Amino acid sequence: VNAKMVVDKEFQISEIDPRVYGSFIEHLGRAVYGGIFEPDHPTADENGFRQDVIDLVKELQVPIVRYPGGNMVSAYNWEDGVGGPKEERPKRLELAWRVTETNQVGTNEFVDWAKKVNADVMMAVNLGTRGIDAARNLLEYCNHPGGTYWSDLRKSHGYEDPHNIKTWCLGNEMDGPWQIGHKTAYEYGRLAAETAKAMRLVDPTIELVSCGSSNSQMPTFLQWEAETLEHTYEVADYISLHQYYGNKAEDTANFLAKSMDMENFIETVIATCDYIKAKKRSKKKMNLSFDEWNVWFHSKEQDKKIEPWTVAPPQLEDVYTFEDALLVGSMLHTMLRHSDRVKVACMAQLVNVIAPIMTENGGAAWKQTIFYPYYYTSVYGRGVALNPVVSSPKYDSQDFTDVPYLDPAVVYNEAKEELVIFATNRHLEKPLEVDIDVRAFEGYDVVEHVVLENEDAKAVNLAGQENVKPHSNGESYVEDGKLVGIFPKFSWNMIRLQ
Ligand code: AHR
């Protein structure tokens with residue numbers, strides 16, 4: 001099957017904000033306890049953090065990590081997790097996931113861990129059971145230099161310098177009936193706007209994320225965005241999007257097309273932001289924070305069987321297949337193609353809980369299949385996103401029409417004089433041979449063509465068993481100023497040219 005593409009330096013979408021390669025750690029399941037933190041683990045450092053996990057997170061070059069939730073934040077008392085002695089911190093009923101939270105990790109420990117992995121923290125405040133007061137106190141505790149009650153309390157906890165956390169989420173999924181303290185759009189819009197006002201008075205340098213819909217299927221989708229933005233448009237910098245996909249129907253062709261839903265989701269949220277902008281005669285542009293995205297469905301049945309009020313049980317431990325990695329690749333491409341508006345994105349989540357990295361308590365840490373597209377885009381997808389002109393054969397699936405087999409994203413890294421082409425071939429049987437016009441990149445040649453392919457759509461990686469991993473034997477080549485991209489059937493690819 002043949003396709004065509006034109007790539008040019010001048011067709012620029014935007015500089016890519018590195019924060020699109022962000023991720024997320026929630027106090028949920030074994031993300032924190034047994035994931036990033038396990039004092040008895042053979043690789044644990046002086047603070048109880050697993051060094052094997054730190055090493056894998058560093059490989060991913062994750063620039064920012066959202067914390068501490070997620071649904072969990074909507075009933076969280078941040079004060080429970082600071083100060084010592086740690087053994088005396090309260091154990092609480094954690095209502096979102098119905099487990100016991102021991103509070104052995106809290107704000108300061110997480111900031112310490114984030115430093116070790118070279119990431120910034122994206123902090124969420126509780127707008128479920130709490131509100132303006134708890135949010136402004138937490139911000140004062142984290143960011144105020146000193147000389148006040150909360151900043152001096154931080155110092156007394158051993159943190160002389162402020163944490164300087166820049167990006168803050170005004171609650172989590174407040175449109176969802178499952179959310180503790182669920183609100184109507186009006187209630188949330190007012191509370192978020194007033195919380196934002198108070199937080200900006202504490203620290204005017206912060207950036208704020210207003211909650212959008214929990215997913216594109218919510219019955220209030222877009223009405224929620226429009227009504228909440230009426231209140232938060234001028235005080236927030238971003239609106240959030242969350243989306244998870246699954247393949248319960250066992251329909252791979254349809255599953256691989258689901259990034260088209262994500263594309264539509266992004267475009268309709270942008271349209272709604274711009275509608276409010278025009279309505280308000282505002283000069284400000286609202287950007288998007290896609291701060292939860294991934295495949296999530298494998299573990300749902302299992303999770304119904306969990307004994308309530310246990311400590312850090314395995315929850316949401318999806319074991320990802322080869323085909324999941326392909327959709328994850330396409331979700332990343334979709335966000336890169338919208339990098340003019342999607343400035344922050346968080347793969348949800350990072351360790352054990354719907355995550356690219358898995359661990360055994362006391363044992364190994366390993367890479368799930370979805371680790372790979374995330375790794376390559378994060379490491380090599382830095383610079384300017386280019387808008388490729390694509391002509392590809394298409395197919396129809398259960399939920400989508402005109403699905404292009406070829407799903408690319410293109411990044412130009414001027415400093416490295418490097419052109420990077422990421423591409424999913426959604427064709428389950430045939431390779432795609434793509435004529436890529438790279439005239440604007442005279443003298444560039446293929447440095448590396450990485451391919452993620454597998455005969456078995458359901459192949460998974462387990463501890464000590466890496467069945468799905470990329471190889472660098474891709475066959476693309478440059479000839480007469482043209483790049484001939486050879487993308488094997490049912491594969492994810494990265495071609496680097498210099
Ligand atoms: O990431 C898992 C959960 O998904 C989060 O806690 C919540 O925000 C979303 O519904």
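All ligand and atom numbering here is 1-based and tracks the order in the structure. The model shown is predicted, which means the values in this text are computed figures rather than measured ones.
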ask   = In terms of residue, atom name and distance, what is the protein heavy atom nearest to atom 1 (O) of ligand 1?
value =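 That would be Tyr244 OH, 2.8 Å.
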request  = Do me a favour and list the nearest non-hydrogen protein atom to atom 4 (O) of ligand 1 with residue, atom name and distance?
outcome  =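 Result for atom 4 (O) of ligand 1: Glu292 OE1, 3.1 Å.
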request  = Please determine if Arg66 forms a cation-pi arrangement with Phe24, meaning its NZ or CZ atom is less than 6.0 Å from the six-membered ring centre and no more than 45° off the ring axis.
outcome  =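 Positive - Arg66 is close enough to the ring of Phe24 and near enough to its axis.
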Should [X] and [Y] count as an ion pair when the cut-off is N to O under 4.0 Å?
X: Arg337; Y: Glu267; answer: no
X: Asp120; Y: Lys166; answer: no
X: Asp237; Y: Lys343; answer: no

ask   = How does Val353 reach ligand 1, by side chain, by backbone, by both or by neither, if only non-hydrogen atoms under 4.0 Å count?
value =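 It is neither; nothing of Val353 touches ligand 1.
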query = Under 4.0 Å from ligand 1, counting heavy atoms only, is it the side chain of Gln349, its backbone, both or neither?
reply =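 It is the side chain that gets close, since no backbone atom is under 4.0 Å.
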ask   = In a check of side chain to side chain contact (heavy atoms under 4.5 Å, CB included) between Ile270 and each of Val342, Ile239, Leu288, which one passes?
value =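 The residue from Val342, Ile239, Leu288 that satisfies side chain to side chain contact (heavy atoms under 4.5 Å, CB included) with Ile270 turns out to be Leu288.
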Numbered atoms and elements of ligand 1 in range of [X], under 4.0 angstrom, heavy atoms:
X: Trp97; value: 3 (C), 6 (O)
X: Glu173; value: 7 (C), 8 (O), 9 (C), 10 (O)
X: Glu26; value: 5 (C), 6 (O)

request  = Assess Asn294 for proximity to ligand 1: is some non-hydrogen atom of it under 4.0 Å away?
outcome  =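 Under 4.0 Å: no for Asn294.
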ask   = Is any side-chain heavy atom of Val351 closer than 4.5 Å to a side-chain heavy atom of Val32?
value =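 In short, these two side chains do not touch, never coming nearer than 4.5 Å.
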ask   = Is Trp296 close to ligand 1, meaning an N/O of one under 3.5 Å from an N/O of the other?
value =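 Not met; the criterion fails.
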inquiry  = Could you tell me if Gln179 and Asn71 have a donor-acceptor pair between their side chains, going purely by distance under 3.5 Å?
reply    =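 On atom types as modelled, these side chains qualify, holding a pair under 3.5 Å.
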